[in-house]
Protein chains: 2
Amino acid sequence: MTTDPASNYSARNYRTPDGAPADIAIFTITTEQRLKATKSLPMRELKVLLIKRKVWPFEGMLALPGGFSRETESMYDTARRELREETGVDGVHMEYFNVYSEPGRDPRGWMISHAFLALVHEDRLLYRKAADDAAEVGLYAVKEIVESRLELAFDHRRIMLDALEQIRRMMLITAIAKEFLPEQFTLSELYQVIRTVVPDFEESNFIRKMKSTQSRSGVLEEVTDAMGNPKKSNEFSQRAAQLYRFTGELPRLSLYG
Amino acid sequence: MTTDPASNYSARNYRTPDGAPADIAIFTITTEQRLKATKSLPMRELKVLLIKRKVWPFEGMLALPGGFSRETESMYDTARRELREETGVDGVHMEYFNVYSEPGRDPRGWMISHAFLALVHEDRLLYRKAADDAAEVGLYAVKEIVESRLELAFDHRRIMLDALEQIRRMMLITAIAKEFLPEQFTLSELYQVIRTVVPDFEESNFIRKMKSTQSRSGVLEEVTDAMGNPKKSNEFSQRAAQLYRFTGELPRLSLYG
DNA sequence: GTAATAGTGTCTCTAAGACAGTATGTT
DNA sequence: AACATACTGTCTTAGAGACACTATTAC
């Protein structure tokens with residue numbers, strides 16, 4: 001314990017961090033038309049955006065995009081700026097989820113990393129690019145990374161796995177599925193998106209259940225046209241399906257009723 | 001954008017943070033016997049632990065306990081150490097919930113603060129104390145702080161309010177109520193604890209609902225004695241009430257069934 | 001017709017929600 | 001007997017869950 005009262009606030013007396021980076025795990029769901037398809041739902045796959053490092057440390061390895069915070073910006077600002085600079089992605093849903101501060105996690109020194117996760121609709125990733133410290137920007141199938149035990153730079157594998165766990169949790173209790181969907185969508189699309197993120201989620205009667213007003217909890221609503229008639233789409237099927245949208249209302253779940 | 005590849009990892013070229021503090025919002029629920037009571041449930045109140053600052057900056061104001069991280073420890077280690085040093089509290093449920101990094105939030109310099117919240121049973125706070133940079137440690141009613149618009153040091157009012165919002169959310173979707181309860185408790189106690197944290201929570205039929213096996217979601221279970229008979233308590237009532245405990249199973253809630 | 005998705009019909013089981021009534025045992 | 005908590009009885013409404021069945025329409 002310290003005895004000098006000044007020592008507790010005068011940072012000059014202490015070693016200070018060598019940097020406060022933000023790292024961002026950006027997830028998207030890619031869609032691919034099935035070849036033999038007449039009208040059918042596309043194949044979907046959960047992907048994470050990684051860059052190949054061009055410089056020491058971990059040169060040549062895959063890493064999450066990110067970079068150092070500046071004195072004049074908040075961590076959220078940092079994450080947003082780095083995302084834009086490194087990948088050309090901006091204006092997407094991004095949230096902070098954890099700090100990584102184990103001593104020795106970065107060979108460059110004492111680096112306290114702030115991890116964000118972002119959810120992006122595939123279309124918004126079209127203009128992505130690589131910045132000067134990254135050789136390459138690419139989308140990698142989450143399933144491959146998890147199963148291959150592929151190592152990422154720093155502790156980024158752990159960060160990515162934590163981010164994945166977090167979006168799986170959020171997918172079921174918040175309305176984030178909307179980040180992967182168009183504004184209006186069919187219940188089959190919604191079900192597909194949920195299953196793509198949370199493979200264990202199985203609901204044989206999903207559509208029927210969601211059609212019961214109570215089950216939607218006010219979070220989903222049917223889309224109607226100007227005359228108040230139900231609006232349908234036959235993009236993915238012969239028979240047209242009712243379109244839904246998220247209301248914007250916050251889901252209120254409870255263990256206790 | 002930078003053009004020198006080295007500039008992105010060589011922190012020496014950049015201003016680095018002046019410190020990375022951890023601040024901890026410790027909540028407890030105090031119980032007080034009602035005076036006129038025969039056997040009755042106690043009054044409960046949600047309190048937060050604050051210290052009165054002895055030194056610049058914000059000398060004399062109330063603040064969350066906390067302090068600076070060291071190079072040899074993780075943020076969680078820091079929070080735990082500061083909690084022990086400043087308040088004598090250790091071994092409690094504590095979790096990280098946000099980072100506070102707005103420029104100018106600390107007059108001592110560029111300080112990126114990491115906020116934890118802790119939930120403590122009243123009994124564990126008996127041995128608390130004040131350390132050298134804190135004049136005083138005390139429990140303050142959350143309701144008073146929220147309603148009085150009392151300012152805290154730094155941005156600690158905001159941090160405290162964010163922590164409060166977080167425990168309200170968690171109270172309903174996780175089993176954290178157990179941090180405020182003995183291992184075995186009656187459903188009335190549980191209901192009281194929930195209501196103390198989340199005043200809006202009203203369930204007229206709470207006990208009946210929880211007695212239905214489905215509603216408990218496997219998270220609550222009845223306590224039985226060695227012979228398998230239901231174990232009851234008449235601590236708070238004339239008629240003995242069934243005791244329950246948390247199973248340790250994780251609640252699985254979902255918007256979508 | 002076939003394929004692919006989008007539903008509906010029907011049944012059983014059980015929870016939800018309201019609210020009045022009963023149970024227990026100390027004071 | 002009064003009190004404070006702990007239930008139970010009873011009724012209505014409605015979701016859950018399973019699964020077979022029908023609907024739509026491009027091809």
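To find a chain, count down the sequence lines: A is the first, B the second, and so on, and within it residues start at 1.
The CG atom of B:L41 sits 12 Å away from the P atom of D:dC7 (whole-angstrom rounding). The CE atom of B:M43 sits 11 Å away from the P atom of D:dT5 (whole-angstrom rounding). Atom pair A:E203:CD and D:dG15:C1' shows a separation of 13 Å (rounding to whole Å applied). To the nearest angstrom, P of D:dG15 lies 16 Å from CZ of A:F206. As rounded to whole Å, 12 Å separates atom C1' of C:dA4 from atom CG of A:N234. The distance from atom CG of B:L190 to atom P of D:dC7 is 13 Å, rounded to the nearest whole Å. For the pair B:M210 CE and C:dA16 C1', the interatomic distance rounds to 12 Å; values are reported in whole Å. A straight line from CD of B:E222 to C1' of D:dC7 spans 13 Å, rounded to a whole angstrom.
Checked against D:dT5, C:dT5, D:dG17, the side chain of A:K209 finds its nearest nucleotide in D:dG17. Listed nucleotides D:dG17, D:dG15, C:dG17 differ in distance to A:S212; the shortest reach to its side chain belongs to D:dG15. Side-chain proximity of A:Q238 to the nucleotides D:dA26, D:dG17, C:dT5 is greatest for D:dA26.
The phosphate of D:dA4 (OP1 or OP2) has no side-chain N or O of B:S237 nearer than 4.0 angstrom. A sub-4.0 Å separation between OP1 or OP2 of D:dA4 and a side-chain N or O of B:S40 is absent.
Surrounding CZ of A:R169 are more than 12 heavy atoms belonging to other residues, nucleotides or ligands, all under 6.0 Å away.
Using a 4.0 Å cut-off between charged nitrogen and carboxylate oxygen, B:R44 and B:E189 count as a salt-bridge pair.
By the 30° and 60° cut-offs, the orientation of the rings of A:F246 relative to A:F185 is tilted. Using cut-offs of 30° and 60° for the angle between ring planes, the A:F116 and A:Y76 rings count as perpendicular. The aromatic rings of A:H114 and B:H114 sit parallel, their planes meeting at an angle under 30°, below the 60° perpendicular limit.
By the 4.5 Å heavy-atom criterion applied to side chains, A:K231 and A:E222 are not counted as neighbours.
The backbone N or O of B:K209 lies less than 3.5 Å from no partner atom in the side chain of B:N205, so there is not a single donor-acceptor pair.
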Hey, what are the protein-to-nucleotides 7-10 of chain C N/O distances that come in under 3.5 Å?
{"residue": "C:dG7", "atom": "OP2", "partner": "A:Q242", "partner atom": "N", "Å": "3.1"}
{"residue": "C:dG9", "atom": "N7", "partner": "A:R208", "partner atom": "NH2", "Å": "3.0"}
{"residue": "C:dG9", "atom": "O6", "partner": "A:R208", "partner atom": "NH1", "Å": "3.2"}
{"residue": "C:dG9", "atom": "O6", "partner": "A:R208", "partner atom": "NH2", "Å": "3.3"}
{"residue": "C:dT10", "atom": "O4", "partner": "A:R208", "partner atom": "NH1", "Å": "2.6"}

